[in-house]
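Some notes on the structure that comes next.
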2 protein chains.
Amino acid sequence: MADIEPTSAPAFTCGLDATLRIIAGKWKPLIVYFLAQGPCRYGELRRAVRGVSDKMLIQQLKELEAEGIVRRTDHKEVPPRVDYTLTPLGHSLAEALAPLCVWGSDNMAAVARVLAERETWSR
Amino acid sequence: MADIEPTSAPAFTCGLDATLRIIAGKWKPLIVYFLAQGPCRYGELRRAVRGVSDKMLIQQLKELEAEGIVRRTDHKEVPPRVDYTLTPLGHSLAEALAPLCVWGSDNMAAVARVLAERETWSR
DNA sequence: CAGTATCCTAGATGATACTG
DNA sequence: CAGTATCATCTAGGATACTG
């Protein structure tokens, strides 16, 4: 069969689909949302996003940078100092994420209950 | 506030974290968002959420049902007729998802470009 | 401090075939 | 039509150790 376009035209089913391809994963939304509160250094971010490993954090940051969501600034100092900021695009994404944050807060009890049940039948 | 359960106590870092634990995955947001446009039958949904397999669709629907996001109605007919609706909680979630949908539409070109680049360096 | 480099596993996803 | 049941795959994510 013939190869489809090199660019392949993902042809998103909708805007949500497109967004998900960017922020899918366990950490990206959290990183973006935390950075929305202001620029921050690597170590700070690492502490803020609880549970993330160096490997994952760096990997996600690089992707976000390539995606134009985050900007990395290396101050070329010793000891190293690097900070991360949202680009304007990143800020707009963070704003779009805000309602999910609110929803989670509003329904935190329900969410916790659901997760507890999942534990139950996976044991 | 005090800990409720000493055992699991997920202790979300924020509302966004909580939300993500519910809708993580490739399909759930799309399912919820499509159902927001009205109740629909299994087959319809299957066609709407492009690329999903029976296995995944059913699995995600069951989880969403257990989570109180979706309601399943079996009309007990032959041939089978089953439809799926959002619960009020589901609707509120869909509303929280809407901005992501808009963001994706607004930035679809940028997103497509990013995905194309990913293809490039993964080959 | 801010990363790299390996190795490894669980769980998420996919393909295919079958059924009431 | 609306699912189940298996098997195969894949890759996101985690553990650990090391470095400029």
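Within 4.0 Å (heavy atoms only), R41(A) reaches sugar-phosphate atoms of the nucleic acid but no base atom.
In this structure, CD of E63(B) is placed 13 Å from C1' of dT13(C), rounded to the nearest angstrom. To the nearest angstrom, C1' of dT13(C) lies 14 Å from CG of L30(B). dT16(C) atom C1' lies 16 Å from atom CE of M56(B), rounded to whole Å. Remark: P of dG11(C) and NZ of K26(A) are 11 Å apart, rounded to the nearest angstrom. Taking atom CD of residue Q60(A) and atom C1' of nucleotide dA12(D), one finds them 9 Å apart after rounding to whole Å. Rounded to whole Å, atom P of dT13(C) lies 16 Å from atom CD1 of I58(B). Atom P of nucleotide dA12(D) and atom CG of L57(A) are separated by 16 Å, given to the nearest angstrom. Between the CG atom of D54(A) and the C1' atom of dC18(D) there is a distance of 12 Å, rounded to whole Å.
At dG3(C), one or more side-chain N or O atoms of R72(A) fall inside 4.0 Å of OP1 or OP2 (strictly under the cut-off). Considering only side-chain N and O atoms, K62(A) lies under 4.0 angstrom from the phosphate OP1 or OP2 of dT4(C). At least one side-chain nitrogen or oxygen of Y84(A) sits closer than 4.0 Å to the OP1 or OP2 atom of dG3(C). When the side-chain nitrogen and oxygen atoms of K28(A) are compared with OP1 and OP2 of dA12(D), none of them lie within a distance under 4.0 Å.
On a pure distance criterion of 3.5 Å, no polar donor-acceptor pair joins the side chain of K55(A) and the base of dT4(C).
Ionic pairing of E67(B) and K28(B) is present here: one or more N-O contacts between side-chain nitrogen and carboxylate oxygen are shorter than 4.0 angstrom.
Atom CZ of residue R72(A) and atom CD1 of residue I58(A) lie 7.0 Å apart, to the nearest 0.5 angstrom.
For dT4(D), the paired base is dA17(C) (Watson-Crick or G-U wobble, both distances below 3.5 Å).
I31(A) and V52(A) fall within a single hydrophobic cluster, where Ile, Leu, Val, Met, Phe, Trp and Tyr are joined by side-chain heavy atoms under 4.5 Å apart, directly or via other members.
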